[in-house]
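Take a look at the structure set out below.
Because the structure is predicted, anything quoted here is derived from the model rather than measured. When reading the values below, keep in mind they use all heavy atoms of this one structure, side chains included, and skip hydrogens, waters and symmetry mates.
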Amino acid sequence: MLALACAAQFMVVLDVSVVNVALPSIQRGLGFAAADLQWVAGAYALMFGGFLLLGGRLADLYGHKRVFLAGLTLFTAASLAGGLANTAGLLVAARALQGLGAAVLAPATLTILTVTFPEGTRRTRALAIWTAVSLAGGAAGNLLSGALTQYLTWRSTLLINVPIGVVAVGLAAVFLTGGRATTRTGRLDVGGAVLVTFALLTLTYGVTTTQTRGWGDALTVAALAAGLAALAAFVVVEARVAPIPLISPRLFRTRAIWLGNAAILLAGAAFQIPLWYFLTLYMQQVLHFGALQTGLGFLPHTVVMLTVGLCLTPWLMNRLSARTLIVGGALIAAAGFAWQSRITADSTYLTGVLGPGILLSIGGGLFNTPLTTTVTSGVPVHDAGAASGLMNTSKQIGGALGLAILIALTGRQDDSAHALAAGYGQAFAITAAALAGVAALAFALPRGR
């Protein structure tokens with residue numbers, strides 16, 4: 001059971017970042033326009049974030065075995081379709097289906113562990129392994145993407161999921177037990193999930209079109225208006241219509257939750273996707289690194305952030321308030337991004353990537369855990385799952401929307417090395433300002449330990 005849950009979780013987390021280093025190869029292979037390349041990463045994040053709260057309810061209503069198999073099958077089939085895609089549109093559609101499968105699969109993996117292992121030492125050990133695998137999946141994404149793209153092809157970054165998924169589906173069908181639903185009360189808020197996902201997709205599309213059409217274009221205005229209207233309808237549905245809403249309005253009466261999620265949204269716009277996206281393009285298009293070199297170039301970021309987050313931050317949390325660590329970590333990360341914004345076409349890896357990367361990774365490692373703890377502390381037991389799901393949704397949505405906004409604000413028609421470096425530097429400068437905003441919001445958070 002533990003091996004199945006960990007294998008599925010590894011694939012879900014891996015695919016958030018595994019296409020990053022392959023993006024230039026994907027652009028050349030399928031003819032992506034520069035403004036549309038973001039959808040390879042963004043489509044996955046938006047669908048994952050939009051349907052994650054709904055996916056968390058499925059296991060309770062239909063049984064974790066059935067939901068696990070459905071999510072894993074969809075994720076594996078979408079990976080195969082993406083790996084074989086011969087047009088840009090097919091690849092983006094496959095990535096969106098992957099995100100939907102991940103939204104169903106990810107909550108089911110945790111449900112399997114909590115059902116299989118009784119409370120106590122065995123469950124604690126199982127959850128520790130599951131968490132470690134999640135961290136390893138995120139850390140391995142860029143390195144694995146570089147190696148696969150360099151020695152095979154960008155398609156292998158998606159096709160690698162297929163044999164793992166097929167084996168996991170076969171083993172789950174035979175060995176997974178306890179597939180009965182735990183509750184049949186209430187209904188799924190499908191309408192809410194569709195509305196919020198549609199709102200996010202149309203808003204992102206509207207922002208994306210501004211780079212080629214401008215803010216006053218009819219298509220841009222229509223997409224943004226449709227997104228805002230869908231978002232308003234989602235708020236009404238959650239507050240007045242849905243019997244069991246995806247996001248209960250009462251959650252936002254807690255200052256730690258609404259302020260904390262606003263901070264997570266901004267932090268996600270820095271760390272979740274944009275950092276890897278712009279640095280990948282900078283290293284390959286400006287520094288002329290190969291795919292494997294680019295993957296290895298991200299290794300210090302991963303090592304430093306994991307070391308600080310797993311070793312130093314827990315020790316500091318016993319001595320300092322969470323708010324102090326959030327403010328300090330966000331400001332250190334902002335300083336790192338400000339340094340990163342000074343990159344030019346003449347920068348080297350040491351001065352343009354490694355130096356600022358270590359600083360921003362220290363900051364990210366310091367503030368992530370205290371921010372997560374603050375957002376989820378003091379929440380009633382019956383709202384704990386919703387609060388956790390909301391936090392993960394904010395992180396994914398922040399990454400996808402943040403990337404679209406940054407590309408719209410910093411896009412360049414000139415593809416010379418100096419123009420590209422200037423655009424990427426401007427994106428990092430805006431990101432530094434966003435992290436300064438995280439620090440400012442943290443001052444209003446409760447002063448917890």
Side-chain angles (χ1 to χ4, degrees), residues 17-43 88 91-92 95 141-157 208 211-212 269-302 336-337 339-357 360 399-400 402-432:
S17 59
V18 76
V19 298
N20 287 337
V21 177
L23 286 173
S25 296
I26 293 173
Q27 184 178 20
R28 291 190 298 269
L30 296 182
F32 269 93
D36 296 333
L37 188 61
Q38 61 176 300
W39 286 100
V40 179
L91 178 58
V92 171
R95 286 287 287 168
N142 289 313
L143 185 59
L144 187 61
S145 178
L148 290 173
T149 304
Q150 179 87 14
Y151 294 113
L152 295 174
T153 170
W154 67 263
R155 297 181 184 277
S156 61
T157 61
T208 301
Q211 188 174 354
T212 54
F271 282 101
Q272 188 65 15
I273 297 177
L275 170 64
W276 316 118
Y277 180 91
F278 289 111
L279 268 188
T280 291
L281 296 180
Y282 175 71
M283 283 193 273
Q284 294 194 43
Q285 294 178 344
V286 179
L287 298 184
H288 304 294
F289 281 14
L292 182 58
Q293 279 181 294
T294 303
L296 290 171
F298 284 120
L299 195 57
H301 297 73
T302 301
F337 276 105
W339 181 2
Q340 189 83 74
S341 71
R342 298 177 65 84
I343 54 173
T344 67
D346 300 318
S347 298
T348 65
Y349 173 77
L350 290 177
T351 60
V353 179
L354 181 61
L360 64 88
L403 178 61
I405 293 170
L406 286 171
I407 290 175
L409 293 177
T410 64
R412 294 287 190 277
Q413 298 299 325
D414 185 357
D415 60 357
S416 67
H418 288 282
L420 290 173
Y424 301 151
Q426 188 179 357
F428 290 129
I430 297 171
T431 303

Review point. Which pair of non-hydrogen atoms, one from Gly423 and one from Thr410, has the smallest distance, and what is that distance?
Key: O-CB, 3.5 Å
Review point. Do Leu360 and Leu275 come close enough that some side-chain heavy atom pair is under 4.5 Å?
Key: yes
Practice item. Specify the closest pair of heavy atoms between Gln285 and Leu420, including all atoms of both residues, with the distance to one decimal. Key: OE1-CD1, 3.7 Å
Check your understanding: Looking at Pro300 and Gly297, what are the two nearest heavy atoms and their distance?
Key -> CD-O, 3.4 Å
Point to revise | Side-chain touch Ser145/Val19, heavy atoms, less than 4.5 angstrom | key: no
Review point. Less than 4.5 Å apart, any side-chain heavy atom of His301 and any of Trp276?
Key: yes
Review point. So which heavy atom on Pro274 is nearest to which on Gly402, and how close?
Key: CG-C, 4.3 Å
Check your understanding: What is the distance from atom CG of Leu287 to atom OH of Tyr282, rounded to the nearest 0.5 Å?
Key -> 4.0 Å
Check your understanding: So do the side chains of Thr280 and Phe298 get within less than 4.5 Å of each other, counting heavy atoms only?
Key -> yes
Practice item. Take Val40 and Leu23 through the test side chain to side chain contact (heavy atoms under 4.5 Å, CB included) and record every step on the way to the result. Key: CA-CA 8 Å; Val40 179; Leu23 286 173; 3.9 Å; yes
Study note, to complete from the structure: What one should report as the nearest heavy-atom pair of Trp154 and Ser25 is CD1-O, 4.0 Å
Check your understanding: Does the side chain of Phe289 come within less than 4.5 Å of Val21's, by heavy atoms?
Key -> no
Review point. Heavy-atom distance under 4.5 Å between the side chains of Phe278 and Ile407, does that happen here?
Key: yes
Revision key, fill the gap. One should read off an interatomic distance between Ile26 CD1 and Leu91 CG, to the nearest 0.5 angstrom, of 5.5 Å
Point to revise | All pairs passing side chain to side chain donor-acceptor pair (under 3.5 Å) where residues 340-353 contributes a residue, at least two apart | key: Thr344-Ser347, Thr348-Thr351
Review point. What distance separates Thr294 OG1 from Leu143 CG, expressed to the nearest 0.5 Å?
Key: 11.0 Å
Review point. Leu292 versus Tyr151: any side-chain heavy-atom pair under 4.5 Å?
Key: yes
Review point. In Å, rounded to the nearest 0.5 Å, how long is the span from CG of Asn20 to CG of Leu144?
Key: 12.0 Å
Review point. So how far is it from Gln284 CD to Gln293 CD, rounded to the nearest 0.5 Å?
Key: 9.5 Å
Exercise for review: With rounding to the nearest 0.5 Å, note down the distance linking OG1 in Thr431 to CG in Leu403.
Suggested key: 9.5 Å
Check your understanding: Any idea which heavy atoms bring Gly42 and Ala400 closest together, and the distance?
Key -> O-CB, 4.0 Å
Exercise for review: Flag the pair Leu406 / Tyr277 as yes when at least one side-chain heavy-atom distance between them is below 4.5 Å, and no otherwise.
Suggested key: no
